[in-house]
Amino acid sequence: MGMLSDLKIERKLMAAFAVVIAAIAVMGVTVFVQVNAMETARMDRARASAVQREAETAQFYLARQESSYRGFLLSRDAYYLERLTAHRENFNKSLDRIAQLDSTSGDEVRAARVAADEWAKNVVEAGRALAANPATYAEAVAMVGREGSADKYISPAEDALGSLIAEKTEQGRVFGDVQVQVAKSARMVLIAGVIVALIIAAAMAFLLTNLLGKPLLAMTSAMRRLAGGDTSIIVPAMGRKDEVGQMASAVTAFKDAAIANARLEADAVAQRAAAEEERARVEAEKARSAEEDRVAITALGEGLNAMAQGDLTHRMMVQVAPKAEQLKANFNAAISQLEQAVSVVVSNVAAIRSGAGEISQASDDLSRRTEQQAASLEETAAALDEITATVNKTADGARQASGVVQQARGDAETSGNVVRDAVAAMNAIERSSTEIGNIIGVIDEIAFQTNLLALNAGVEAARAGDAGRGFAVVASEVRALAQRSAEAAKEIKTLISASGQQVGAGVTLVGQTGEALQRIVSRVAEIDGLVSEISASAQEQATGLQQVNTAVNQMDQVTQQNAAMVEQSTAASHSLAQEADILASSVARFRTGQVAAPVATHRSAPAAAPARAAQPVAQTVAALKTVGRGGAALKTQPVEDGWEEF
């Protein structure tokens with residue numbers, strides 16, 4: 001315990017927290033190992049479950065292959081062979097996923113794959129070839145029967161997948177048991193670690209209380225008594241080598257200092273008595289000097305008060321001490337100079353006020369007239385903008401109309417060409433109708449001759465008796481055919497005649513349409529020329545208006561700038577007038593020794609310069625008035641010419 005008491009407080013705290021942290025670290029490492037083992041068991045169980053599911057999926061697709069092959073044998077439909085191929089691909093994919101998930105299942109995967117391939121080769125391919133021939137179809141069906149050879153190929157694959165499923169099911173159960181055991185162990189380790197950490201923390205708290213709390217409480221009590229003036233205390237924890245021992249040494253030093261301070265206070269009482277006598281003598285000397293200063297300061301205050309009231313004729317006449325004579329002379333000289341300066345200012349303020357008032361009035365008139373001119377010019381510019389926009393729109397419309405008319409002219413010319421081609425085609429159709437009519441006449445004559453020949457053949461057959469009966473039947477059929485050909489030729493000739501008449505009427509109408517289109521083309525050409533002239537004229541007007549609009553906009557900008565400058569000048573003149581009024585009101589409160597006299601007869605010499613300075617002010621005001629009357633209109637004049645020229 002003594003060795004721990006000599007340690008520094010920092011090391012005591014570090015040792016206590018190091019023990020607690022070490023206990024927590026041991027518990028954390030143990031829990032981490034348990035959790036890691038539990039996570040490993042969980043991953044192994046999940047892997048076994050995934051392999052089991054993939055094996056069951058492969059087993060399912062193997063059964064679907066058998067079902068599809070049996071369906072093919074029953075229906076001889078190639079659709080079932082396609083289904084079998086798809087199931088076989090899914091079966092191989094499942095085997096590939098099993099090989100990726102678990103490298104230890106390679107033997108079962110290879111056995112199942114080899115057995116499935118042998119079944120497909122020796123049963124499916126062979127059965128497909130046998131089923132294609134009706135004579136061997138029964139052999140193909142017998143291969144998948146109860147006594148067939150299909151089972152010896154498919155059974156190894158089913159056995160391999162079944163053993164793999166059983167193995168992974170057992171592994172999943174074992175890994176689940178391991179996971180449960182590791183979880184129980186982790187909970188026990190966590191509970192035990194928390195209990196051990198709490199015990200260590202309580203022990204460290206008890207130890208720190210005995211090593212730090214109690215000595216600090218005793219030291220606090222001793223320091224409180226020393227602060228109350230009790231120098232007979234016994235300082236605790238003397239001789240310790242930690243911070244508490246250092247505090248005990250400091251408190252002992254404070255105790256010794258308090259004892260020495262009491263001794264020094266007794267000596268100070270005697271010194272204060274001697275100092276009191278010296279202070280009384282110094283106070284008497286200060287009182288005399290203060291009286292002299294009071295007289296000088298009072299006189300100076302009265303002079304400054306008179307100056308503040310505007311009385312510049314006041315002078316310091318009181319008798320002051322020798323050290324204040326220079327202050328008295330300086331004050332009287334300064335107020336005399338100020339009186340002269342204010343007299344000059346008072347004389348010149350009237351002239352400044354008069355000139356500033358005239359400048360302000362002239363600037364107001366010029367500003368008002370400039371604003372009127374700017375407003376009128378702005379309205380003119382706006383009207384020109386609207387007219388320019390209207391003319392531009394008209395020019396665009398004329399250009400568009402010209403384009404449309406040119407297109408219509410082209411379409412009309414194209415239509416005329418089409419009509420001419422149609423007239424030529426109608427004439428060709430009419431000529432073809434005439435030729436077809438001639439051909440039909442020839443056919444009609446051939447039918448007449450055939451009918452006549454058939455009639456003669458019938459007469460000769462009747463003469464021949466029974467020997468010519470068959471020939472008579474043939475002659476009768478030929479005659480009937482000739483009559484139908486003659487009737488059909490008459491009907492075709494009638495239709496061709498009607499078609500020829502209609503074609504002739506169509507040719508006439510198409511010709512009239514061509515003449516009308518030709519007239520339309522001529523009129524459209526005339527309209528195109530007129531619209532082109534209108535478009536050119538509108539473009540020239542738009543160009544002229546654009547130039548006029550540009551010039552007016554430039555004049556508007558210049559006028560706006562002039563108006564802004566005039567407003568600035570007006571504001572400056574008003575500011576000058578206000579400053580002159582303020583200056584006049586400021587100097588009006590001063591009273592000087594000079595007597596006001598008429599400006600024309602009793603003007604003093606210093607005021608001559610302001611009078612001369614007032615002349616340029618009057619000239620400036622007169623110039624502003626002249627510019628205002630000549631540079632801008634007093635009011636807006638009505639426009640006489642109008643805008644007809646545009």
Side-chain angles (χ1 to χ4, degrees), residues 37-75 77-131 138-183:
M38 184 170 60
E39 181 65 18
T40 302
R42 186 192 65 80
M43 293 178 63
D44 292 338
R45 184 181 181 184
R47 187 181 299 108
S49 298
V51 172
Q52 177 185 352
R53 288 193 298 271
E54 291 297 335
E56 291 175 351
T57 303
Q59 195 175 37
F60 169 76
Y61 283 118
L62 185 61
R64 294 296 298 272
Q65 292 181 55
E66 288 186 299
S67 299
S68 299
Y69 180 64
R70 293 177 184 275
F72 168 73
L73 293 178
L74 291 175
S75 62
D77 190 355
Y79 166 74
Y80 291 98
L81 293 178
E82 295 177 357
R83 293 286 303 276
L84 188 147
T85 303
H87 294 326
R88 184 178 181 185
E89 292 178 356
N90 293 328
F91 173 77
N92 290 325
K93 290 180 180 178
S94 297
L95 294 180
D96 293 337
R97 284 194 289 269
I98 292 172
Q100 293 176 358
L101 291 173
D102 187 11
S103 60
T104 61
S105 302
D107 295 336
E108 290 83 354
V109 171
R110 283 192 295 273
R113 193 188 301 274
V114 170
D117 292 340
E118 290 295 328
W119 177 78
K121 178 180 178 181
N122 297 313
V123 176
V124 176
E125 296 298 331
R128 182 178 180 182
L130 293 174
E139 296 180 8
V141 174
M143 290 176 64
V144 297
R146 291 186 178 183
E147 297 179 356
S149 60
D151 290 339
K152 70 177 182 179
Y153 295 108
I154 202 69
S155 294
E158 293 176 346
D159 294 339
L161 293 175
S163 62
L164 181 60
I165 293 171
E167 179 184 355
K168 296 305 175 182
T169 302
E170 181 63 23
Q171 288 183 0
R173 185 186 62 78
V174 172
F175 289 139
D177 295 339
V178 172
Q179 188 176 3
V180 171
Q181 293 297 328
V182 172

Exercise: identify the closest heavy-atom pair between [X] and [Y]:
{"X": "F91", "Y": "A112", "result": "CZ-O, 4.1 Å"}
{"X": "E125", "Y": "K121", "result": "CB-O, 3.4 Å"}
{"X": "A58", "Y": "L161", "result": "C-CD1, 4.0 Å"}
{"X": "L73", "Y": "A140", "result": "CD1-O, 3.9 Å"}
{"X": "I165", "Y": "A55", "result": "CG1-CB, 3.5 Å"}
{"X": "G172", "Y": "A48", "result": "N-CB, 4.1 Å"}

Test item: [X] side-chain N/O and [Y] main-chain N/O as donor-acceptor pair under 3.5 Å:
{"X": "S67", "Y": "A63", "answer": "yes"}
{"X": "S163", "Y": "A160", "answer": "yes"}
{"X": "Y69", "Y": "V123", "answer": "yes"}

* Candidate pair R42 and E39, rule salt bridge (Lys or Arg N to Asp or Glu O under 4.0 Å), full reasoning -> CA-CA 5 Å; R42 186 192 65 80; E39 181 65 18; 2.4 Å; yes
Atom pair [atom1]/[atom2] of [X] and [Y] - distance to nearest 0.5 Å:
{"X": "F60", "Y": "N90", "atom1": "CZ", "atom2": "CG", "result": "9.5 Å"}
{"X": "F175", "Y": "E170", "atom1": "CZ", "atom2": "CD", "result": "10.5 Å"}
{"X": "Q100", "Y": "L95", "atom1": "CD", "atom2": "CG", "result": "11.5 Å"}
{"X": "L84", "Y": "R70", "atom1": "CG", "atom2": "CZ", "result": "12.0 Å"}
{"X": "M43", "Y": "R45", "atom1": "CE", "atom2": "CZ", "result": "14.5 Å"}
{"X": "T57", "Y": "R64", "atom1": "OG1", "atom2": "CZ", "result": "12.5 Å"}

* To do: Inspect the contact between R47 and D44 and indicate whether a charged nitrogen and a carboxylate oxygen are less than 4.0 angstrom apart.
  => yes
* Any Lys/Arg nitrogen of R113 or D117 sitting under 4.0 Å from an Asp/Glu carboxylate oxygen of the other? -> no
* Verify side-chain contact (heavy atoms from CB on, under 4.5 Å) between R83 and F72, making sure each step is shown before the conclusion. => CA-CA 10 Å; R83 293 286 303 276; F72 168 73; over 6 Å; no
* **Partners meeting side-chain hydrogen bond (donor to acceptor under 3.5 Å, both in side chains) with S105 (sequence neighbours left out)** =>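 With sequence neighbours excluded, S105 shows a side-chain hydrogen bond (donor to acceptor under 3.5 Å, both in side chains) to D102, given in chain and number order.
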* To do: Quick one: do I154 and E66 satisfy side-chain contact (heavy atoms from CB on, under 4.5 Å)? Show the steps, please.
  => CA-CA 9 Å; I154 202 69; E66 288 186 299; 3.5 Å; yes
* Residue among H87, E158, R88 satisfying side-chain contact (heavy atoms from CB on, under 4.5 Å) with L62 ->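 Among H87, E158, R88, the one that satisfies the side-chain contact (heavy atoms from CB on, under 4.5 Å) with L62 is E158.
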* Set of residues satisfying side-chain contact (heavy atoms from CB on, under 4.5 Å) with respect to E89, sequence neighbours excluded ->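 Checked E89 against side-chain contact (heavy atoms from CB on, under 4.5 Å); matches are T85.
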